[in-house]
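Residue numbering restarts at 1 for every chain, and letters A, B, ... go by the order of the sequence lines. Quantities reported herein were computed from a predicted structural model and do not represent experimental measurements.
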Number of protein chains: 2
Amino acid sequence: MQEARSGGEALLFLTDEQLRKGIEAMFFAYRGFTADPDRILNNYAYGRAHHRAVHFIHRSPGTTVNNLLGILGVTKQSLNRVLRTLISDGLVESRVGTKDKRERHLYLTQEGATLERELSDAQRKRMRDAYRAVGPDAVAGFRKVLEAMMEPELRRYFKALKDDE
Amino acid sequence: MQEARSGGEALLFLTDEQLRKGIEAMFFAYRGFTADPDRILNNYAYGRAHHRAVHFIHRSPGTTVNNLLGILGVTKQSLNRVLRTLISDGLVESRVGTKDKRERHLYLTQEGATLERELSDAQRKRMRDAYRAVGPDAVAGFRKVLEAMMEPELRRYFKALKDDE
DNA sequence: CTTGGAAAGTCAACAACACTGACGTAAAAT
DNA sequence: ATTTTACGTCAGTGTTGTTGACTTTCCAAG
């Protein structure tokens, strides 16, 4: 049941109970993390999938459907349904690739950018409030643990993004 | 676009870009966080909803349906569908309350405890590896930020749980 | 140059899991 | 005795995931 504790000072906190608390903290925190966007999305008849698509199109304008698939970790059919509604609703524009005509490059329209802004404002506010409540050292630790928890493939992608900090 | 930075040293890192990275880190990390249980659950034809129910019944044996509803944040119809399958599959036992016969107290059977163990072993391993990779200070910060990010109601519940650390 | 395969994307059908709303039963509370 | 609470269920709906089958486009081997 209990962690062996044979290693040294750095292992003292790694009991099963401590780890379970960390798991629950992650579960509850993620609920908070998505609570504000979820409320906003309800007003638009969109869901989290739309939010994710809009977020990453904003982050990487001109990205292809295939790129998004790798980042979002869903099937292309699932993403396609979401993109179709966003495109037909005029939030996302899909341009046929000039070099490779199989590809579709995705961009937010003005309207799409407005929704992205509304969603990310709310989410950033929560993140900012949390950061302010705990201070910079805690934030640094928070980010370290999150990175360590990612699947290796996504961690590599994420670290590549980090370069422009 | 940019954070005002008028406050002082503790605000220097709170640019919109930094906050967006934090948001993405949370998104990617949560994927990693659920990846191992998801793989296991596929073998049992169960989903995350079953995992959550099993986890919190393990955490609080004898908890009532109503208690679980508050913790999981779903409707009773949704939870009931999950509990029904878990009970009929023999993973969860539902006992009528002795003091208040309206209540149903939920317990894991031996089989249910086995699944809980398999799921939480995988999830704890990931959490433990991440903790070990970053060290205790980072973990303390991680936990602080997660708590700050929770909705107030869940934060109160979570802090009450924390007492037995 | 043609042909065959791989890649990017789309359409259709289905499953999981969330939601609302309505209803029923039993037990507790008033 | 009436109301409220706890729980279960049925019916219907929506989002989001899945697999399977398909078109278009690209590219490379023959």
Side-chain angles (χ1 to χ4, degrees), chain A residues 27 30-31 34-35 37-57 62-89 91-107 119, chain B residues 27 30-31 34-35 37-54 57 62-89 92-107:
Chain A
F27 171 65
Y30 198 77
R31 288 254 299 275
T34 57
D38 284 351
R39 274 188 283 270
I40 294 170
L41 289 159
N42 264 337
N43 304 330
Y44 292 87
Y46 290 142
R48 279 188 203 174
H50 302 84
H51 181 192
R52 293 195 283 265
V54 164
H55 174 96
F56 285 105
I57 294 172
T63 188
T64 63
V65 174
N66 227 16
N67 275 341
L68 269 188
L69 289 181
I71 296 166
L72 297 177
V74 297
T75 59
K76 60 182 175 176
Q77 295 88 334
S78 192
L79 175 58
N80 184 259
R81 185 178 344 96
V82 169
L83 287 178
R84 193 163 39 195
T85 69
L86 289 174
I87 290 168
S88 73
D89 290 355
L91 300 183
V92 169
E93 189 188 350
S94 168
R95 298 184 204 153
V96 173
T98 52
K99 205 178 158 191
D100 187 336
K101 289 180 192 165
R102 293 173 303 180
E103 295 179 338
R104 302 298 137 87
H105 298 273
L106 303 169
Y107 301 87
L119 291 168
Chain B
F27 172 64
Y30 198 77
R31 288 255 299 278
T34 58
D38 284 351
R39 275 188 284 270
I40 294 169
L41 290 160
N42 264 338
N43 304 330
Y44 293 87
Y46 291 143
R48 279 188 202 174
H50 301 85
H51 182 192
R52 292 194 285 266
V54 165
I57 293 171
T63 187
T64 63
V65 174
N66 232 13
N67 275 342
L68 267 188
L69 288 181
I71 294 167
L72 298 176
V74 296
T75 59
K76 64 176 177 176
Q77 294 90 333
S78 196
L79 175 59
N80 186 258
R81 185 181 346 100
V82 169
L83 286 179
R84 194 162 38 194
T85 70
L86 289 173
I87 291 169
S88 72
D89 290 354
V92 168
E93 190 189 349
S94 169
R95 298 185 204 152
V96 173
T98 51
K99 204 177 157 189
D100 186 335
K101 291 180 190 165
R102 293 173 304 178
E103 295 179 339
R104 301 299 138 86
H105 299 273
L106 303 169
Y107 301 87

Quiz item: Does A:N80 reach the side chain of A:V65, with side-chain heavy atoms less than 4.5 Å apart?
Solution: no
Quiz item: Can you check the A:N42 CG to C:dA18 C1' distance for me, whole Å?
Solution: 11 Å
Quiz prompt | Rounded distance (Å) that lies between atom P of D:dC7 and atom CD1 of B:I87 | solution = 12 Å
Quiz item: Heavy atoms, side chains only, cut-off 4.5 Å: are A:Y107 and A:R95 in contact?
Solution: yes
Quiz item: Is it true that the side chains of A:T34 and A:R48 contain a donor and an acceptor less than 3.5 Å apart?
Solution: yes
Self-check item: Atom-pair distance (NE2 on B:H51; C1' on C:dA18), nearest Å
Solution: 19 Å
Self-check item: Under-3.5 Å donor-acceptor pair between B:Q77 side chain and D:dG12 base
Solution: no
Quiz item: Quick one: is C:dT10 close enough that its OP1 or OP2 comes under 4.0 Å of any side-chain N or O from A:R84?
Solution: no
Quiz prompt | Selected nucleotide, minimal atom distance to B:N80 side chain, candidates C:dT10, D:dT9, D:dC7 | solution = D:dT9
Quiz item: Rounded to the nearest Å, what distance is computed from the NZ atom of residue A:K76 to the P atom of nucleotide C:dA12?
Solution: 16 Å
Quiz item: How about A:H105 and A:T63: does a side-chain donor come under 3.5 Å of a side-chain acceptor?
Solution: no
Quiz item: Is the side chain of B:R31 donor-acceptor paired with the backbone N or O of A:L72 at a distance under 3.5 Å, no angle test?
Solution: yes
Kindly give the atom pairs (protein nitrogen or oxygen, nucleotide nitrogen or oxygen) under 3.5 Å for nucleotides 13-17 of chain D.
{"residue": "D:dT15", "atom": "OP1", "partner": "A:A45", "partner atom": "O", "Å": "3.2"}
{"residue": "D:dT16", "atom": "OP1", "partner": "A:R48", "partner atom": "N", "Å": "2.5"}
{"residue": "D:dT16", "atom": "OP1", "partner": "A:A49", "partner atom": "N", "Å": "2.9"}
{"residue": "D:dT16", "atom": "OP2", "partner": "A:H50", "partner atom": "ND1", "Å": "2.9"}
{"residue": "D:dG17", "atom": "OP1", "partner": "A:R52", "partner atom": "NH2", "Å": "2.6"}
{"residue": "D:dG17", "atom": "OP2", "partner": "A:S78", "partner atom": "OG", "Å": "3.4"}
{"residue": "D:dG17", "atom": "N7", "partner": "A:R81", "partner atom": "NH2", "Å": "2.5"}
{"residue": "D:dG17", "atom": "O6", "partner": "A:R81", "partner atom": "NH2", "Å": "2.8"}

Self-check item: Nearest-Å distance for atom pair CZ/P, residues B:R104 and C:dT25
Solution: 14 Å
Self-check item: Ring centers of B:F27, A:F56 separated by less than 6.0 Å
Solution: yes
Quiz item: Within the structure, does a side-chain N or O atom of B:N66 lie under 4.0 Å from either OP1 or OP2 of D:dC7?
Solution: yes
Exercise. Mind listing the residues from residues 94-103 of chain A sitting with a heavy atom below 4.0 Å of DNA chain C? Number order is fine.
Key: A:R102, A:E103
Practice problem: Would you kindly say whether B:Y44 and B:D89 are connected by a side-chain donor-acceptor distance under 3.5 Å? | Solution: no
Quiz item: Between B:E103 and B:K101, does at least one N-O distance fall below 4.0 Å, as a salt bridge requires?
Solution: no
Practice problem: Please examine the side chains of B:R104 and B:T64, heavy atoms only from C-beta on, and report whether any two atoms are closer than 4.5 Å. | Solution: no
Exercise. Rounded to the nearest angstrom, tell me the gap between atom CG in A:L83 and atom P in C:dC11.
Key: 12 Å
Practice problem: Grab the CG-P distance between A:N67 and C:dA8 for me, whole Å please. | Solution: 9 Å
